[in-house]
Structures are given as structure tokens and as C-alpha cells.
Novice: 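Shown below is the structure under consideration.
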Amino acid sequence: MYIREKIEEQIKEIMANALNKSVEEGVLSIETMPDLFLEMPREKEHGEYSTNVAMQLPRQTKKSPRFIAETLVGYMETEGSYIDAIEIAGPGFINFKLKKTWQYSALKDIAVLKENYGRSDKNKGKTFNMEFISANPTGPMHMGNARGGAIGDILAAVAGWTGYEVTREFYINDAGNQIVKFGDSLDVRYRQLLGETVDFPKDGYQGDDITEHMKDFIGLKGDQYLTLESDARKKILVEYALEKNLTQIKKDLETYGIYYDVWFSEQSLYDSGAIESTLELLKKGGYAFEEDGAVWFKATSFGSDKDDVLIRANGIPTYFMADIAYHMDKFLNRKFDRCINVWGADHHGHVARLKGALTAVGVNAGQFDVVIMQLVRLLRNGEVARMSKRQGKAIALTDLIDEVGVDATRFFFNLRSPDSHFDFDLDLAIEESSDNPVFYVQYAHARICSIIRQMEEEVDKTVPLDYTRLTEKEEFHLLETLSLFPNEILIAEERLDPSRITRYTIELASAFHSFYNACHVRIEDPILMKARVALIEGTQQVIQNSLGILGVSAPERM
RNA sequence: GCGCCUGUAGCUCAGUAGGAUAGAGCAACGGCCUUCUAAGCCGUGUGCCAGAGGUUCGAAUCCUCUCAGGCGCACCA
């Protein structure tokens with residue numbers, strides 16, 4: 001258990017005991033136990049922890065907050081605890097000041113746990129499915145996928161650090177309408193390249209990559225499929241190009257530092273009969289009905305304002321239908337305890353109906369959540385540039401990584417909470433200037449490595465390691481920041497907000513840089529020097545751990 | 001028209017499930033390298049928390065309404 005958990009648990013216990021005693025002795029009368037919530041005050045003078053219980057109780061006890069606070073404090077037994085002093089302040093806050101040594105425990109924790117410092121077993125024994133990107137395999141990935149990639153991959157890492165057994169999953173949309181369009185587009189290009197005059201479909205994929213695929217294909221196979229019946233030919237072309245695209249997507253994502261455990265094919269849901277059986281289940285439950293020749297899901301029974309089509313009048317299931325079957329498979333066949341998807345804001349309308357459908361087939365929809373990320377706006381020369389895959393003008397993920405680098409791309413896309421509308425200023429990102437916060441964090445790490453390289457032979461092994469020699473305010477601030485790391489991971493997981501980790505690394509780097517300027521490590525006093533080396537080693541470890549979660553490198557030299 | 005997200009310093013954004021005097025970075029200005037990496041540090045000031053009501057000891061945070069922007073509201077995905 002980490003130092004902060006220990007302290008918080010201890011204070012809560014002391015509070016609970018005091019409350020119970022004051023009730024037993026009839027000083028206070030309460031009916032329901034209040035929430036014993038601890039907060040960390042912004043102001044230093046208010047102590048490390050603070051509670052507002054006294055202000056929650058006046059109604060129940062018919063006493064003033066001040067009186068309640070004084071009573072409780074009177075009953076608190078702090079012997080042998082981390083608490084140094086308790087003060088009542090303001091309208092009735094009870095503030096706890098800790099003994100000036102608690103921060104050193106964080107350093108001990110780090111020294112013992114090393115690369116595992118920050119991990120917890122909160123979700124031990126539970127499985128977690130993280131589905132993200134799931135870009136259409138009809139073309140290369142664009143910049144919009146980059147944000148989803150960073151959010152999904154890092155959230156998956158965060159979940160793993162809280163104890164979950166994590167599966168990263170890519171859902172391949174290799175069935176349905178857009179594959180038909182893909183086939184039509186390939187087919188026309190194939191025939192055009194071989195000299196036929198055919199009009200390009202109005203809503204087809206116009207990107208050059210389609211033409212390139214067919215050039216390559218003709219190079220390999222020639223014109224032998226020209227005489228084939230059109231559907232059969234399209235099938236062959238799609239198979240060829242899909243395989244090519246998926247290989248490329250996989251390769252590009254690995255460049256981006258993302259490795260999937262499962263590539264799940266939508267088509268496999270048709271092949272296995274999962275779609276059919278899911279539909280049967282919905283029908284049996286009375287949640288599906290026929291109208292105008294189509295089969296509908298009764299989404300209105302689950303709070304939606306309209307129903308949704310499952311099977312079109314032409315007999316082809318919708319994407320929605322496949323999605324229900326897919327998520328049923330996640331929960332009921334593969335039995336994940338938690339499933340999270342990352343979707344762009346343009347899909348948010350889909351969330352409620354999918355949750356409704358999952359509830360209908362017997363899944364506890366509370367285990368399913370979608371992180372909605374606001375779409376990325378690309379700025380070039382200060383102007384908004386629209387991305388459109390159809391028009392083939394998209395900035396490809398790989399272009400971005402080439403220009404900005406993997407570290408900056410991942411860091412940047414995870415800098416703001418998924419909720420925030422995000423402007424990606426390409427010109428600024430290309431600059432690789434110090435404006436880019438990733439350098440700030442990496443620089444802190446490189447600085448530490450540099451000191452440690454020079455210190456190795458100077459540290460006196462015979463001298464005792466005495467943390468209590470660390471007494472400067474910059475040292476305490478750094479220690480406190482280190483002690484917060486495990487909390488940050490837990491909060492990031494609970495709120496499904498991986499960007500907290502990115503911001504934490506900046507805070508940690510800042511605390512270190514301040515320390516660096518205020519305190520020298522390489523000094524005469526061998527005991528203090530040893531303590532400071534221990535402090536920067538702990539910092540180095542936590543920067544490595546946090547950057548590791550982000551998938552950003554921690555360079556030893558810069 | 002209905003739904004979701006957003007609105008906090010000149011700009012980009014935090015604000016820890018309702019707390020105490022509203023916080024960073026960038027930009028501006030002024031300091032700090034004969035000593036461990038100046039890609040750094042320290043200091044200076046800036047706010048009708050979009051607006052109006054409400055809930056209570058207490059609201060940037062919760063509720064209602066209004067305004068502004070983004071995104072949805074297909075037998076597309």
C-alpha cells in the first residue's frame with residue numbers, strides 16, 4: 001500500500017472512531033453516517049488533508065459546524081499516527097497537518113517497487129477490453145485516428161497499471177456497405193487502367209491509393225480478371241486490397257507504438273452466425289419488430305427518441321446490428337468484465353442505442369463505456385484545414401509521425417482531456433521548439449541521467465542513507481509530487497481520462513527543474529549528497545514509469 | 001426543432017464529484033550560467049469563470065432558462 005493510501009486510511013479511521021465515540025457518549029446524535037471524505041487543500045497552511053464532515057452534520061445533529069468540529073477533534077486519538085496537528089478553520093473545516101517525515105516514505109516505496117511503482121491491484125483478476133481506432137480498412141489512416149490511438153493505447157496502459165488484464169482490440173470493418181463501395185471503386189480503377197471507359201461511382205473512394213493498388217495488382221496478375229463476372233472480380237480485388245491495407249495499417253500503428261492483441265473481423269460475425277443468433281435473441285425478447293420490410297430495434301423502450309433499423313428491407317444487416325453482435329461477443333462469449341471504446345464525437349449518437357441494445361440482450365451496460373473524443377481540427381498557416389478521406393486529401397498518420405515524431409505525437413494528442421475540442425497546429429508541432437512540452441519532460445530525465453552518470457563514483461557507500469536530510473521546500477515539493485503518482489493512475493482509470501498522466505509528467509518535470517535550480521546534488525556533504533542522489537533516482541524512476549505509460553521515450557542524453 | 005460536447009487571463013488549457021484568497025503554460029517585462037545540461041529556474045499582472053435565475057453554511061463545479069461554437073439526429077459507418 002502506498003504512503004498516501006496508508007495516511008488517508010488512517011485519518012478516516014481516526015475520524016470514524018471520533019464520530020462513533022461522540023455519538024456513544026451522547027454529545028452528538030446522528031442517524032446516518034456522513035461521507036468521511038478527505039480532500040487535499042490548495043493552500044499549504046490548511047494542511048495536507050482536510051475534511052468537511054463537520055459541515056455536513058448540522059442538520060442531523062442540530063449543532064453548529066464549529067461545535068461539531070471541536071467535539072470531533074476532542075475525540076480524535078492521534079497517538080502514533082502520521083498526524084502532527086489538527087486545526088479547525090473557516091466555517092468548520094478540520095485540517096490535518098502531517099509529521100514532517102511522511103514524504104520520505106514515497107521515496108522508499110519507489111526504491112522498493114522500482115518500475116512497478118504506481119501499479120495497484122485494485123482491478124486484479126478482472127479483464128478489460130480496449131477497442132480503439134478501428135479505422136476503416138478501405139484506405140490509410142489519417143490524423144483523426146492519431147488522437148484516438150493515443151487515448152486508447154494510453155488508457156489501456158493505465159487500466160493495466162490498476163490491475164486489469166488488458167486486451168487491445170481493433171475491429172475491422174470488413175463487411176457491409178463501405179466494402180461494397182470499396183469494391184466498386186477498385187473495380188472501376190482496374191477496368192480504367194486496362195483501357196475501358198467507365199464512369200467512377202459518385203460516392204466512391206477517390207483516393208490515389210485505390211489506383212495504386214490496382215496498378216500493383218495488374219503488375220502481378222495482369223488483365224486475366226477483366227472477363228470475369230463483375231461480382232466475382234470485385235471479391236478478388238477487395239480481398240487483395242484489404243489485405244494490403246490491413247498490413248499497412250498494422251505497420252503504421254506499430255510505428256506509432258501501438259500493438260494490438262486482437263484484430264476482430266466484422267465479417268467473422270456473419271460467418272459464425274453471431275449476427276443471426278443475436279437477432280433471434282432480440283426477437284425473442286420482444287425488442288425487434290418488422291415494419292416497411294425492415295427489422296427494427298425498439299430503441300424507444302430504452303430512452304431513445306426513435307427506433308433503429310437492424311436489417312434493411314433488402315435483407316442486409318446494418319452496422320448497428322453487427323455492433324450489437326460484436327459487443328455481445330465481448331461480454332457474453334469472451335466474458336470481459338469491462339469494455340471501453342474510443343469513438344469520435346461524430347458517433348456519439350450511437351452510444352445510447354448500443355447501450356440500450358446491450359441491455360436488451362442481457363448485458364449489464366454499466367460495464368460498457370465509450371470515451372467520446374472531440375474531433376481534431378487541423379490548423380495550417382493558422383487556417384482550418386478540413387480532412388476528408390473520400391477526397392484523398394487527408395493528412396496521413398504516417399506523415400504526421402514523420403514530421404513531428406512519435407513521442408511528440410503521442411504526448412500532444414494526450415495532452416488535453418478527450419472532451420476538449422482540440423486544435424492541432426501543424427506548424428507549431430513541426431517546429432520541435434521548447435514550446436513542445438514533451439521536450440520539457442524528457443529534458444528533466446536527461447538532466448537526471450547526466451547527474452547520475454557523474455555521481456556514480458562519488459557517492460560514498462559507507463555513509464548512511466538518511467532521507468531526513470532532505471529539508472528544502474523544493475525537495476519536499478518534489479517528494480510530494482512523487483507520492484501523487486499512484487493516485488493519478490487510479491483517477492485516470494476511474495474517469496477514463498488518460499490525459500491526466502501527461503499533465504502529471506509535466507508537473508513532475510517542473511518540480512524537478514525547480515529542485516535542480518535550488519539544490520545541488522554534487523556537494524561536499526556526503527550524507528546530504530547521498531540523500532539527494534536517492535531523490536533524483538526516485539524522480540528518474542517515476543518519469544520513466546509515467547512516460548512508459550504514455551509510450552514516450554525517456555532519453556538519457558539530449 | 002431535438003440530443004451530446006464545449007464556453008475560465010490576450011492565446012492554449014487545468015481546476016482533484018460542492019469547499020477556504022481562481023491556477024498553469026505560451027505571449028510581455030525584469031532577474032539567474034567561473035559550480036551537476038540555460039531545451040532550465042526565479043519574479044512581476046491579468047479574470048462579470050459566456051449571461052440570468054435557483055438549490056445551501058458555501059457554486060467555475062449541481063438544476064432551469066438564454067446566448068455562442070462544435071458534432072450528431074439515414075434502411076451510412
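Hydrogens, waters and symmetry mates are skipped; everything else that's a heavy atom, side chains included, is used. Letters go in sequence order (proteins before strands), and every chain restarts at 1.
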Novice: Could you tell me whether the phosphate oxygens of B:G69, OP1 or OP2, come under 4.0 Å of any side-chain nitrogen or oxygen in A:Q374?
Specialist: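 False: A:Q374 side-chain N/O out of range (4.0 Å or more) of B:G69 OP1/OP2.
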
Novice: Determine: side-chain N/O of A:Y440 to OP1/OP2 of B:C41, distance under 4.0 Å, yes or no.
Specialist: yes

Novice: Between B:C57 atom P and A:Q56 atom CD, what is the distance in whole Å?
Specialist: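 Rounded to whole Å, this separation is 13 Å.
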
Novice: Taking everything shown except A:K122 itself, do over 12 heavy atoms lie less than 6.0 Å from its NZ?
Specialist: yes

Novice: What about A:H421, does its side chain sit under 3.5 Å from the base of B:C71 through a donor-acceptor pair?
Specialist: no

Novice: Can you find a side chain N or O atom of A:S417 that sits less than 4.0 Å from OP1 or OP2 on B:A14?
Specialist: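 For A:S417, the contact criterion (side-chain N or O under 4.0 Å from OP1 or OP2 of B:A14) is met.
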
Novice: Hey, is the side chain of A:R453 poking within less than 4.0 Å of OP1 or OP2 on B:U37, counting only N and O atoms?
Specialist: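 It does not, given that no N or O in the side chain of A:R453 lies less than 4.0 Å from OP1 or OP2 of B:U37.
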
Novice: Verify side chain to side chain donor-acceptor pair (under 3.5 Å) between A:S417 and A:D497, making sure each step is shown before the conclusion.
Specialist: CA-CA 6 Å; A:S417 82; A:D497 181 4; 4.9 Å; no

Novice: Stepwise, does the side chain to side chain contact (heavy atoms under 4.5 Å, CB included) test hold for A:I549 with A:Y504?
Specialist: CA-CA 12 Å; A:I549 289 173; A:Y504 172 80; over 6 Å; no

Novice: Round to a whole Å and report the spacing from CG of A:L310 to P of B:A74.
Specialist: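 Rounded to whole Å, this separation is 16 Å.
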
Novice: Are A:H46 and A:F93 near enough that their ring centres are under 6.0 Å apart?
Specialist: no

Novice: Has A:H348 got its ring stacked on B:C5, by the test of a centre gap below 5.5 Å and a plane angle below 30°?
Specialist: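 No; centroid distance or tilt outside limits.
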
Novice: Look at the side-chain N and O atoms of A:Y319 and state whether any lies under 4.0 Å from the OP1 or OP2 oxygen of B:A77.
Specialist: no

Novice: Tell me the interatomic distance from A:H445, atom NE2, to B:C36, atom C1', rounded to whole angstroms.
Specialist: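 Going from A:H445 (NE2) to B:C36 (C1'), I get 16 Å.
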
Novice: Checking understanding here: a glycosidic angle within 90° of 0 is syn, the rest anti, so what is B:C11?
Specialist: anti

Novice: Can you tell me if the side-chain N/O atoms of A:Y171 get under 4.0 Å from OP1 or OP2 in B:A77?
Specialist: no

Novice: Can you tell me the Watson-Crick or wobble partner of B:G1, both distances under 3.5 angstrom?
Specialist: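 Because both required distances fall under 3.5 Å, B:G1 counts as paired with B:C73.
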
Novice: Please indicate yes or no: is the ring centre of A:H46 less than 5.5 Å from the centre of the six-membered base ring of B:A20, with the two planes inclined by under 30 degrees?
Specialist: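 According to the criterion (under 5.5 Å, under 30°), yes, A:H46 stacks.
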
Novice: Can you tell me which nucleotide in B:G23, B:U37, B:G72 comes closest to the side chain of A:R42?
Specialist: B:G23

Novice: Does A:S514 place a side-chain N or O at less than 4.0 Å from the phosphate oxygens OP1/OP2 of B:C42?
Specialist: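 Checking A:S514 against B:C42: at least one side-chain N or O falls below 4.0 Å of OP1 or OP2.
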
